[in-house]
*Asks:* 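Take a look at the following structure, please.
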Number of protein chains: 2
Amino acid sequence: MLELRHLRSLLAVADLGKLSSAAERVHLTQSALSHQIRVLEARYGLTLFQRTPRGLTFTPAGERLLALARTVLVQVNDAERDLVRLKGDTGGELRIALECHTCFDWLMPVMDEFRRRWPEVEIDLVAGFHSDPLALIAEGRADMVIGSAPPSKRAWHIAPLFRFEILAVLANEHRLRGKRRLSAEDFRDETLITYPVPETRIDLIREVLSPAGIKPERRTAELTIAILQLVASRRGIAALPNWGVKNYVDHDYVVARPIGTKGLWSELHAIVPKALKDKPYVDDFVEITRAVCVRQLDGIALL
Amino acid sequence: MLELRHLRSLLAVADLGKLSSAAERVHLTQSALSHQIRVLEARYGLTLFQRTPRGLTFTPAGERLLALARTVLVQVNDAERDLVRLKGDTGGELRIALECHTCFDWLMPVMDEFRRRWPEVEIDLVAGFHSDPLALIAEGRADMVIGSAPPSKRAWHIAPLFRFEILAVLANEHRLRGKRRLSAEDFRDETLITYPVPETRIDLIREVLSPAGIKPERRTAELTIAILQLVASRRGIAALPNWGVKNYVDHDYVVARPIGTKGLWSELHAIVPKALKDKPYVDDFVEITRAVCVRQLDGIALL
DNA sequence: AGATAATCATGAATGCAATTCATATCAGAG
DNA sequence: CTCTGATATGAATTGCATTCATGATTATCT
């Protein structure tokens with residue numbers, strides 16, 4: 001008998017293309033998923049997937065079930081959200097403080113979807129950037145911080161969002177453009193163009209340059225596009241998320257290079273006070289964020 | 001985690017109002033259903049039903065889940081039907097022969113729904129009434145007979161539909177109207193108004209009157225409404241299904257009385273040749289019939 | 001009232017089916 | 001030809017839904 005569990009698995013396979021990754025997402029082993037699919041196929045006497053050594057692709061029958069999964073699972077989620085609402089304790093506010101400027105790029109669609117799902121929750125951005133955004137929570141001026149590494153875990157509830165690579169961005173004619181990847185040394189005589197935040201908040205400086213004892217000139221700009229203009233007109237180098245510059249690189253406006261031998265990676269988390277942890281809309285915000293970002297941000301990896 | 005099994009149970013409870021009957025329909029024990037519901041309620045921290053000693057009624061939360069069940073399960077059925085279609089072997093014809101005239105009353109909506117679901121199957125009624133409808137199947141002139149008791153079980157596949165009571169129908173001013181129930185003896189000096197079919201096909205005669213050696217006058221009419229007119233104008237007594245006369249009784253056009261001490265009950269089955277048994281649309285036809293009839297025919301009991 | 005007949009609830013035992021574990025198999029890349 | 005990364009498979013295991021046996025509750029009948 002068909003169960004939602006099957007549909008959830010199907011959706012995971014569709015999203016990730018491979019049994020092993022899909023299995024992880026639904027908290028099963030690859031073997032379990034394989035068995036599950038085999039049972040389904042036997043039940044209907046149909047092949048649902050074409051097996052290839054690089055993953056699974058859906059047959060028409062598989063597609064039909066997948067379509068069912070998509071519509072049904074959305075309805076199930078909607079219903080469960082309504083139940084939470086019926087239970088009360090659902091109103092509230094969610095004032096979000098950002099640790100990094102680039103988050104703006106994806107936050108708007110997330111907030112739109114959130115407002116649709118939780119009309120009775122007041123969601124807002126805390127204006128401006130602060131040296132210690134976590135303090136904003138402590139002071140009661142924010143409810144959630146979206147930012148990097150979790151600090152103590154004791155006082156806060158931390159929901160992992162995703163990982164992304166920070167790339168060095170160069171002008172097309174830059175002297176370093178020939179290099180496959182940049183090292184700390186390469187930054188020595190360059191001007192670094194950043195958002196106007198303290199050095200400790202800039203991963204490149206904190207993780208790479210400071211340890212190497214390198215302290216390049218700095219110049220700041222508020223907007224990503226302004227930073228890119230400065231880079232393109234050869235005023236210096238920037239370090240930006242891969243998904244933030246992809247479009248500009250694709251259009252040959254600038255070039256991007258990994259930093260260090262393994263690349264410079266950064267993680268984003270949603271941090272809320274323990275008291276908010278059980279508010280149902282907090283989990284949902286995280287879920288929406290992950291879904292939206294994985295869909296429209298190229299080159300990120302969910303945590 | 002919510003599963004379709006839960007939604008199926010919910011739907012059964014909604015339809016039948018009682019755990020024990022609902023349990024039967026989903027092939028579980030009453031206990032299992034009770035546990036299942038308790039798990040659901042615990043999961044959402046909500047009460048889904050108000051318990052009364054005469055059954056369960058839905059709370060708003062329960063209603064919400066029930067609404068989900070209704071939409072989702074329809075979609076699941078549609079999808080599964082599409083899968084069957086994708087597998088092929090789905091075209092065909094379904095020529096139905098009726099054993100009793102009253103079946104017309106519910107057959108049309110059933111056929112409408114069937115055509116919607118199986119557009120590629122040609123469904124038709126075999127015209128006219130025949131003394132031995134099963135012979136029509138043998139002769140290849142029909143694919144399904146809807147009628148009473150299964151004859152041999154060897155040669156045919158039999159799907160039970162429902163049970164209903166046959167009531168004696170009297171004019172409002174009839175001399176027998178004072179009696180709570182009618183016995184065979186009561187028919188002795190009456191005229192029996194029936195459809196124009198052989199005596200052996202009339203349950204009242206076969207089961208009640210013949211055994212008692214009573215042979216009343218007969219008069220026939222083709223249409224139910226014509227029979228009722230004859231009854232109302234005191235030309236005789238008729239014996240008709242409870243659901244067929246309910247409306248007329250409710251409007252005081254005629255009165256209806258049970259026959260014999262236990263009432264006279266009849267069963268309807270769908271009979272198909274073994275060869276057709278595995279055609280997917282045959283099962284679906286039966287399912288549609290049962291669903292439509294239980295919804296719009298008052299006083300029947302599914303078999 | 002008291003007994004009766006319905007209903008649902010509950011806890012422990014059970015059993016089955018989904019899952020895991022360990023391993024095989026397969027295809028393509030280097 | 002091996003190594004890597006994927007799925008498949010069979011047997012063992014386990015988790016959890018289900019059953020069994022009984023209790024609790026409440027309306028109905030006498």
Side-chain angles (χ1 to χ4, degrees), chain A residues 1-59 61-63 65-66 69 73 76 180 301-302, chain B residues 1-59 61-63 65-66 69 73 76 180 262 301:
Chain A
M1 193 115 277
L2 187 69
E3 289 294 344
L4 288 182
R5 142 174 48 100
H6 302 295
L7 299 184
R8 295 192 180 101
S9 298
L10 243 44
L11 202 56
V13 173
D15 285 352
L16 301 167
K18 301 186 300 197
L19 276 199
S20 25
S21 335
E24 202 177 346
R25 171 141 127 205
V26 294
H27 307 295
L28 290 176
T29 60
Q30 173 266 322
S31 176
L33 259 200
S34 180
H35 283 297
Q36 212 177 69
I37 289 172
R38 214 159 55 114
V39 168
L40 274 191
E41 294 187 323
R43 157 128 221 273
Y44 296 113
L46 285 164
T47 305
L48 299 177
F49 299 97
Q50 274 148 18
R51 274 72 167 180
T52 82
R54 27 174 38 87
L56 302 186
T57 60
F58 286 71
T59 62
E63 293 281 2
L65 270 192
L66 178 59
L73 292 177
V76 169
R180 260 282 170 72
L302 289 181
Chain B
M1 193 116 278
L2 188 69
E3 289 294 346
L4 288 181
R5 143 174 47 98
H6 300 129
L7 299 185
R8 295 191 180 103
S9 299
L10 245 43
L11 203 55
V13 173
D15 284 353
L16 302 168
K18 301 186 299 196
L19 278 199
S20 26
S21 337
E24 200 177 348
R25 172 140 125 206
V26 292
H27 307 295
L28 289 176
T29 59
Q30 172 266 322
S31 175
L33 261 200
S34 180
H35 283 295
Q36 214 177 66
I37 288 171
R38 211 159 57 114
V39 167
L40 274 191
E41 293 188 322
R43 158 128 220 273
Y44 295 113
L46 284 165
T47 305
L48 298 177
F49 299 96
Q50 274 150 16
R51 275 71 168 181
T52 83
R54 33 174 28 90
L56 301 187
T57 61
F58 287 70
T59 63
E63 292 282 1
L65 271 192
L66 178 60
L73 292 176
V76 169
R180 260 282 170 70
K262 295 176 174 176

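By convention in this document, chain letters (A, B, ...) are assigned in the order of the sequence lines, proteins followed by strands, and residues within each chain are numbered from 1. In this text, all values refer to a predicted model and were calculated from it rather than measured experimentally.
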*Asks:* Any side-chain N or O of A/Ser34 less than 4.0 Å from the OP1 or OP2 oxygen of D/dT7?
*Replies:* no
*Asks:* Starting the side chain at C-beta, find the nucleotide from D/dA6, C/dG11, C/dT7 nearest to B/Lys18.
*Replies:* C/dT7
*Asks:* To the nearest Å, how far apart are B/Leu33 CG and D/dC16 P?
*Replies:* 20 Å
*Asks:* Ignoring hydrogens and angles, does a donor from either the side chain of A/Glu3 or the base of C/dA18 sit under 3.5 Å from an acceptor on the other?
*Replies:* no
*Asks:* Please give, in whole Å, the distance from D/dT7 C1' to A/Leu48 CG?
*Replies:* 15 Å
*Asks:* Separation of A/Arg43 atom CZ from C/dA17 atom P, in whole Å?
*Replies:* 14 Å
*Asks:* Could you tell me how far apart A/Leu56 (CG) and C/dA27 (P) are, to the nearest whole angstrom?
*Replies:* 15 Å
*Asks:* Can you find a side chain N or O atom of B/Ser20 that sits less than 4.0 Å from OP1 or OP2 on C/dC8?
*Replies:* yes
*Asks:* Does A/Arg43 CZ have over 12 foreign heavy atoms under 6.0 Å away?
*Replies:* yes
*Asks:* Any N or O donor-acceptor pair under 3.5 Å from the base of C/dA18 to the side chain of A/Gln36?
*Replies:* no
*Asks:* What do you reckon, is CD of B/Glu24 surrounded by more than 12 foreign heavy atoms closer than 6.0 Å?
*Replies:* no
*Asks:* With nearest nucleotides of DNA chain D determined for A/Arg38 and B/Ala32 from heavy-atom distances, which residue corresponds to the more 5′ nucleotide?
*Replies:* A/Arg38
*Asks:* When you check the phosphate oxygens OP1 and OP2 of D/dA6, does a side-chain N or O of A/Arg51 lie under 4.0 Å from one of them?
*Replies:* no
*Asks:* Taking B/Leu19 as the fixed residue, which of B/Ser9, B/Ser34, B/Ser31 is the one that meets the side chain to side chain contact (heavy atoms under 4.5 Å, CB included) rule?
*Replies:* B/Ser34
*Asks:* Is the base of C/dT10 touched by the side chain of B/Ser31 through a donor-acceptor pair closer than 3.5 angstrom?
*Replies:* yes
*Asks:* Which whole-number value in Å describes the distance from A/Gln30 CD to C/dA24 C1'?
*Replies:* 12 Å
*Asks:* Within less than 4.0 Å of OP1 or OP2 of D/dT28, is there a side-chain N or O belonging to B/Arg54?
*Replies:* yes
*Asks:* In whole angstroms, how far is the P atom of C/dT20 from the CG atom of A/Leu28?
*Replies:* 5 Å
*Asks:* I need the NE2-C1' distance between A/His35 and C/dT19, as an integer number of Å.
*Replies:* 8 Å
